[in-house]
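A quick write-up on the structure given underneath.
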Amino acid sequence: MSIELQLIQGIQKAFKEVYTTDTPAVPVIEQTKKEFVGDYTFVVFPYLKLSKKNPEQTAGDIGEFLKKELNFVSGYNVIKGFLNIEIGDTFWIKFLNENYSNTHFGKAVLKKQKVMVEYSSPNTNKPLHLGHIRNNLLGYSVAEILAYSGYEVIKANLINDRGIHICKSMLAWMKFGNGETPQSSGMKGDHLVGKYYVEFDKAYKSEIEKLVSGGMDKERAENEASLIKEAKELLLKWEAGDEETLRIWKMMNGWVYEGFESTYKRLGVNFDKFYYESNTYLLGKKAVQEGLQQGAFYQKEDGSIWIDLTADGLDHKLLQRSDGTSVYITQDIGTAQMKYDEYKMDRSVYVVGNEQDYHFKVLQLILKHLGKSYADGVYHLSYGMVDLPSGKMKSREGTVVDADDLLDELHATSEKITKELGKTEGFTQEQLSELYEQIGQGALKYFLLKVDPKKRLLFDPKESIDFQGNTGPFVQYTYARISSVMRSAPAFGKVNETQSLLAEEKELIYALYRFEEAVELAAREMSPAIIANYAYELVKAYNKMYHELTIIKEADEQKRNLRLMLSGMTRNVVKTALGLLGIAAPEKM
RNA sequence: GGUCUCGUAGCUCAAUUGGAUAGAGCAUCUGACUACGGAUCAGAAGGUUUGGGGUUCGAAUCCCUACGAGACCGCCA
């Protein structure tokens, strides 16, 4: 049982025995702030009505009770209404003796719950940019965290492989492409298709401009332009199964998949299951028909199908166009059904940007209106956009930070810094290249994941990502440093539990102890940021101890063993934490 | 127009979900290698938590209000 839980139960017992009353809610225990003596703090203010005594007396009563009741409580102090509880060194050393060699420390027991995490979910009309990287890293990391905290996790990727946007790229390629392919142009497939998406937009805009200068109003011009009409026709042909259209569609999507695959591989993200909208949208259409028959939806005279969500505080929402083609949300209804049919998961997490908050509210409501049992398990993990100093990234306008370019840049930066520091003797060329990639990606991944997912994130391409301070490379460096210590360490084992700890040792053990609750909290909040910030606290505590105390050269065997155990355990936990973030832990750097 | 986010040191972020004197990193300044890795450590400086009001033992956190930033409300995805 965790120390917090024992303290909570002890406090409940204290109220029962000292004040003969129950606590109305579960008492809250928090970590004691650094400037005060103690490890855990209980705030008594909310309980004064129960104790009928002043804050100091109440805290004193409970402190005294806990000290007698729990053998690991070595003392306490009271400041105003704050009871600071001190945990004895014996407890901490025992904890270290028991866990120092456990490479799975912090891994929770199986919860017997299945959760699907859908992330990445790219459109096949443009290459990945920094915003997609945030999505990919978040999704991967959240999935890893959930798995470590005991859930059975399925990583899913829903490819948006159909729709009007794809038709735009296809049309532009058919009109202006002259048969260009990734092979003939030497371009990565996703970049090539993205190029035609931009070309479409350019040509479309200039056509609108012409129509407007010819006296047409803008809105009408947007609908009347021949290019958009052709694109819409192409979509209809696609839905009708036109052979030539499908052939080009398959070919161009194939180019994109190859491009994506290499980026996924490079980033180290993976998936258990791929879904394709082209396979699910018909199911969605079917669900729409069923909803229509059930009376959950209604049809207008022009044939379009809608749901009335005004009773839920929202608006009317279109589910199928008057021409019979499906819209974005239609396929989401189908995909949700397909996912559930296959996996029967307890929860279904969608890692999607907060610009789609409304969309997911609507989706969940639609599923409820359709009477789907799995509607309540739908959870939109809504994350903030990555903004540039100039504002939002826009693929069509070319103001994006391209994923592949950025990874190359960080690789180069990491190479430069590593060479300056000159600590890589004995590395082969291949190992060096791998190391630069690991460090560059460590910097990027940590940079993106240390921020609360819900918050928007600012990226300034002019300011390079740091490699010092609260960064990925700093955590990686500490890992490499400990690895170096362990390589030259003598054999060691458990120590006497009655010795006393120095402040630096104690702080480090306390940090290690908190890993379990960091994992639990990160899983509950679905926030890798909690793991990143934890890892930073941990390595800071280690570096401090490393600097203040000798380890291998310590003459006292008990002390030396203690510090070696601390080093070994820190190394394990750092590696695990980095792993949960998708960051590599190099042995040397 | 309606709905929803957000506003913390010059910059990028924390703050155990209502607790103590709001903490880190970067940048700036100062100090520490004949130590097991200096991508490190120690220190200085930097704040009316956007302004104003309220709720209570206690507010960056909850409520109201003003200002500022952003997103969504498409027969786009």
Next on the checklist: Does the plane of the ring in A:W306 sit parallel, tilted or perpendicular to the ring in A:Y298? Use 30° and 60° as the thresholds.
Outcome noted: parallel

Collect all protein-nucleotide pairs involving nucleotides 14-21 of chain B in which both atoms are nitrogen or oxygen and the distance is under 3.5 Å.
| unit_1 | atom_1 | unit_2 | atom_2 | d |
| --- | --- | --- | --- | --- |
| B:A14 | OP1 | A:D452 | N | 2.7 |
| B:A14 | OP2 | A:K455 | NZ | 3.1 |
| B:U17 | O4 | A:E525 | OE1 | 2.5 |
| B:U17 | O4 | A:E525 | OE2 | 2.6 |
| B:A20 | OP2 | A:K33 | NZ | 2.9 |
| B:A20 | N6 | A:T41 | OG1 | 2.9 |
| B:A20 | N6 | A:N84 | OD1 | 2.9 |
| B:A20 | N1 | A:N84 | OD1 | 3.3 |
| B:A20 | N1 | A:N84 | ND2 | 3.3 |

Item to check | Distance-only donor-acceptor check, side chains A:S567 and A:Y542, under 3.5 Å | outcome: yes

Item to check | Salt-bridge contact A:E239-A:R162 (side-chain N to carboxylate O under 4.0 Å) | outcome: yes

Next on the checklist: Rounded to whole Å, how long is the line connecting atom NZ of A:K454 with atom P of B:U5?
Outcome noted: 12 Å

Item to check | Dot-bracket pairing map - RNA chain B, Watson-Crick plus G-U, both contacts under 3.5 Å, | cross-strand | outcome: (((((((..((((.....[...)))).(((((.......))))).....(((((..]....))))))))))))....

Checklist outcome for this item: In whole angstroms, the gap separating P of B:G38 from NZ of A:K544 amounts to 17 Å

Checklist entry - Angle class for the A:Y510/A:Y40 ring planes (parallel below 30°, perpendicular above 60°, tilted otherwise)? => result perpendicular

Protein-nucleotides 26-33 of chain B N/O pairs under 3.5 Å:
none

Checklist outcome for this item: dist A:S2:OG -> A:I8:CD1 (nearest 0.5 Å) comes out at 7.0 Å

Checklist entry - Base, sugar-phosphate, or nothing: which does A:I552 touch, judged by heavy atoms less than 4.0 Å apart? => result base

Next on the checklist: Rounding to an integer number of angstrom, what distance separates B:U50 and B:G68 when you compare their C1' atoms?
Outcome noted: 8 Å

Next on the checklist: Taking any heavy-atom pair under 4.0 Å as a contact, classify A:Q476: base, sugar-phosphate, or nothing.
Outcome noted: nothing

Next on the checklist: Give me the distance, rounded to whole Å, that separates B:G23 from B:U65 when you measure between the P atoms they each carry.
Outcome noted: 32 Å

Next on the checklist: Heavy atoms only, 4.0 Å cut-off, all strands: where does A:K34 land among base, sugar-phosphate and nothing?
Outcome noted: nothing

Item to check | Cationic N near anionic O, under 4.0 Å, A:K229 to A:E233 | outcome: no

Checklist outcome for this item: The residue, A:V327 or A:R481, whose nearest nucleotide of RNA chain B is more 5′ is A:R481

Next on the checklist: Applying a 4.0 Å non-hydrogen cut-off, can you work out what A:A489 is touching in the nucleic acid: base, sugar-phosphate, or nothing?
Outcome noted: nothing

Checklist outcome for this item: Heavy-atom nearest pair, A:L435 first then A:P586, reads CD1-CB, 3.7 Å

Item to check | Distance in angstrom units between A:F447 CZ and B:C11 P, rounded | outcome: 15 Å

Checklist entry - Across the strands shown, which category fits A:M385 at heavy-atom distances under 4.0 angstrom: base, sugar-phosphate, nothing? => result nothing

Checklist entry - Touch check for A:T418, heavy atoms < 4.0 angstrom, all strands: base, sugar-phosphate only, or nothing? => result base

Checklist entry - Since syn is defined as within 90° of 0, does B:U17 count as syn or as anti? => result syn

Checklist entry - Closer than 4.0 Å, any side-chain N/O of A:R321 to the OP1 or OP2 of B:A77? => result yes

Checklist entry - Under 4.0 angstrom, heavy atoms only, what part of the nucleic acid is A:D357 near: base, sugar-phosphate, or nothing? => result nothing

Next on the checklist: Applying a 4.0 Å non-hydrogen cut-off, can you work out what A:F474 is touching in the nucleic acid: base, sugar-phosphate, or nothing?
Outcome noted: sugar-phosphate

Checklist entry - Base, sugar-phosphate, or nothing: which does A:L48 touch, judged by heavy atoms less than 4.0 Å apart? => result nothing

Next on the checklist: Can you check the distance between B:G70 and B:C75, where both ends of the measurement are the C1' atom (answer in whole Å)?
Outcome noted: 27 Å

Item to check | Between B:A69 and B:A22 - C1' atom distance, rounded Å | outcome: 23 Å

Checklist entry - Checking all strands, does A:T550 fall into the base, sugar-phosphate, or nothing category for heavy-atom contacts under 4.0 angstrom? => result base

